[in-house]
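By convention here, the first residue in the shown sequence is residue 1.
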Amino acid sequence: MNFKMTIAYDGSRYNGWQRQGNTNNTIQEKIESTLSKMFETEIEINGAGRTDAGVHAKGQVANFKIPAKIFKMVFHITDEAQYREKCTDFRDVLNSYLPQDIRIQNIMVAEERFHARLNAVGKHYCYQIDQREVAGIFDRKYVSRIEESLNVNNMKKAASYLIGEHDFKTFCANKKMKKSTVRTIHDIVIQNQQGLITIDFYGDGFLYNMIRIITGTLIEIGTGKRVPEEMQEILASRDRSKAGFLAEAKGLFLSEVYYQN
C-alpha cells in the first residue's frame with residue numbers, strides 16, 4: 001500500500017529534511033524511525049523537497065509504502081470501506097509518537113505509482129521578513145529581521161525580471177551541479193502587511209538555496225545597495241558571486257506542493 005501524507009514542521013532544531021549518515025536529527029529520519037517502530041518493518045519515505053537546516057514547512061508532502069498485510073493487521077481492517085477512517089487513526093497515532101514540532105496534517109491511500117517528488121509539478125515557498133518598528137517577539141524564530149528600511153516597490157520591480165523560464169545557475173549554491181539549472185518561476189508576490197514583508201515564490205521547482213539567494217539579492221535591492229535593473233545582469237551572468245547574500249533559513253517556509261489532478 002502506498003500512502004501520501006502532508007507534513008508541517010518547525011525546522012528550527014533540525015538539520016534539514018533529508019536523512020544524513022552523520023546525524024539522526026532530520027525530519028525524514030524522525031518520521032521514518034517512528035513508522036518503522038509502529039509497523040515493525042523498515043519504512044522509507046520520499047519527500048517532495050529537501051528543505052535545508054532551519055527551514056520550516058506548512059505543506060511538505062511525502063509518500064511511503066507499507067505491506068498491505070501488515071497495515072491491515074495493525075489497524076484491524078476487514079473491509080476496504082474502513083480505509084478512510086483508519087487513515088485518520090493512523091495520522092493521530094503517528095502524531096502521538098512524533099516530537100511536537102513535527103505534525104502530520106493528513107494521510108491518505110495513494111495510487112501505487114505516486115511519488116511525492118517525481119510527480120510534483122510545482123511548489124510554493126514563502127519567505128518572511130520582519131520590518132516592524134519593534135522586532136516581533138513571538139515569531140522571531142520564523143522571520144528574518146532586517147533593520148534597514150526596504151523599498152518594496154524596487155524589490156517587486158527586480159523580482160519581475162525573474163518571472164518565466166530561465167537558467168538560474170546564478171542563484172544555485174551547488175557549484176558542482178551537473179543537472180540542468182533551468183527552472184520556471186510562475187510568480188513572485190511581495191507584500192508588506194503592517195511591517196511583515198512576505199515574498200511568495202511559485203515555480204515548477206527550485207535549486208539548492210535558490211530562494212534564499214534570490215531573497216538576499218532582493219533585500220540588497222530593497223536597501224538601495226543595488227538598483228532593480230541589476231537583476232537582469234545578475235541572472236544572465238550565471239555566476240553565484242554576482243548575486244546577493246544567502247538569506248537566513250529561519251524565514252523560509254515550504255508552503256505547498258502541487259500535483260496534477
Report the C-alpha distance between Lys4 and Met108 in whole Å, list the side-chain angles of each, state the deciding distance to 0.1 Å, and finish with yes or no for side-chain contact (heavy atoms from CB on, under 4.5 Å).
-> CA-CA 5 Å; Lys4 173 186 177 184; Met108 61 183 290; 4.1 Å; yes
Scan for salt bridge (charged side-chain N to carboxylate O under 4.0 Å, His left out) pairs involving [range], sequence neighbours excluded, and state none if there are none.
range	answer
residues 33-43	none
residues 217-244	Glu148-Lys225, Lys157-Glu229, Asp167-Arg238, Glu220-Arg226, Arg226-Glu230
residues 107-136	Asp130-Arg132, Asp130-Arg145, Arg132-Asp139

**Item:** Within-4.5 Å side-chain heavy-atom neighbours: Met38 and Val74
**Value:**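 In short, these two side chains do not touch, never coming nearer than 4.5 Å.
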From Ile7 CD1 over to Arg103 CZ, what is the distance, rounded to the nearest 0.5 angstrom?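 CZ of Arg103 is found 12.5 Å from CD1 of Ile7.
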- Look up atom CG in Leu254 and atom NE2 in His124, then write down how far apart they are to the nearest 0.5 Å.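 Atom-to-atom, Leu254:CG and His124:NE2 are 9.0 Å apart.
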message = Aromatic contact between Tyr9 and Tyr14, with the criterion being ring centroids under 6.0 Å apart: yes or no?
response =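 Aromatic pair excluded; centres sit 6.0 Å or further apart.
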Q: Only counting residues at least two apart or in another chain, list the ones meeting ring pair (Phe, Tyr, Trp, His ring centres under 6.0 Å) with Tyr127.
A: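 With sequence neighbours excluded, Tyr127 shows a ring pair (Phe, Tyr, Trp, His ring centres under 6.0 Å) to no residue whatsoever.
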Point to revise | Listed partners of Glu85 passing salt bridge (charged side-chain N to carboxylate O under 4.0 Å, His left out), at least two apart | key: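 Applying salt bridge (charged side-chain N to carboxylate O under 4.0 Å, His left out) to Glu85 gives none.
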Would you check if there is a donor-acceptor pair between the side chains of Ser12 and Asp10 at a distance under 3.5 Å?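 Yes - a donor-acceptor pair under 3.5 Å links their side chains.
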Would you please say whether a donor-acceptor pair under 3.5 Å links the side chains of Thr6 and Gln105?
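Distance-only check fails for Thr6 and Gln105.
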Self-check item: Shared hydrophobic cluster for Trp17 and Tyr208 (ILVMFWY, side-chain gaps under 4.5 Å)
Solution: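 No; Tyr208 is not reachable from Trp17 via cluster members.
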What residues, two or more places apart in sequence or in another chain, satisfy side chain to side chain contact (heavy atoms under 4.5 Å, CB included) together with Met1?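 In terms of side chain to side chain contact (heavy atoms under 4.5 Å, CB included), with neighbours along the sequence ignored, Met1 is linked to Phe3, Ala68, Phe71, Tyr83, Val109.
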(Q) With side-chain contact (heavy atoms from CB on, under 4.5 Å) as the criterion, how do Phe171 and Phe206 come out once you've worked through the C-alpha distance, each side chain's angles and the decisive distance to 0.1 Å? (A) CA-CA 10 Å; Phe171 303 102; Phe206 298 91; over 6 Å; no
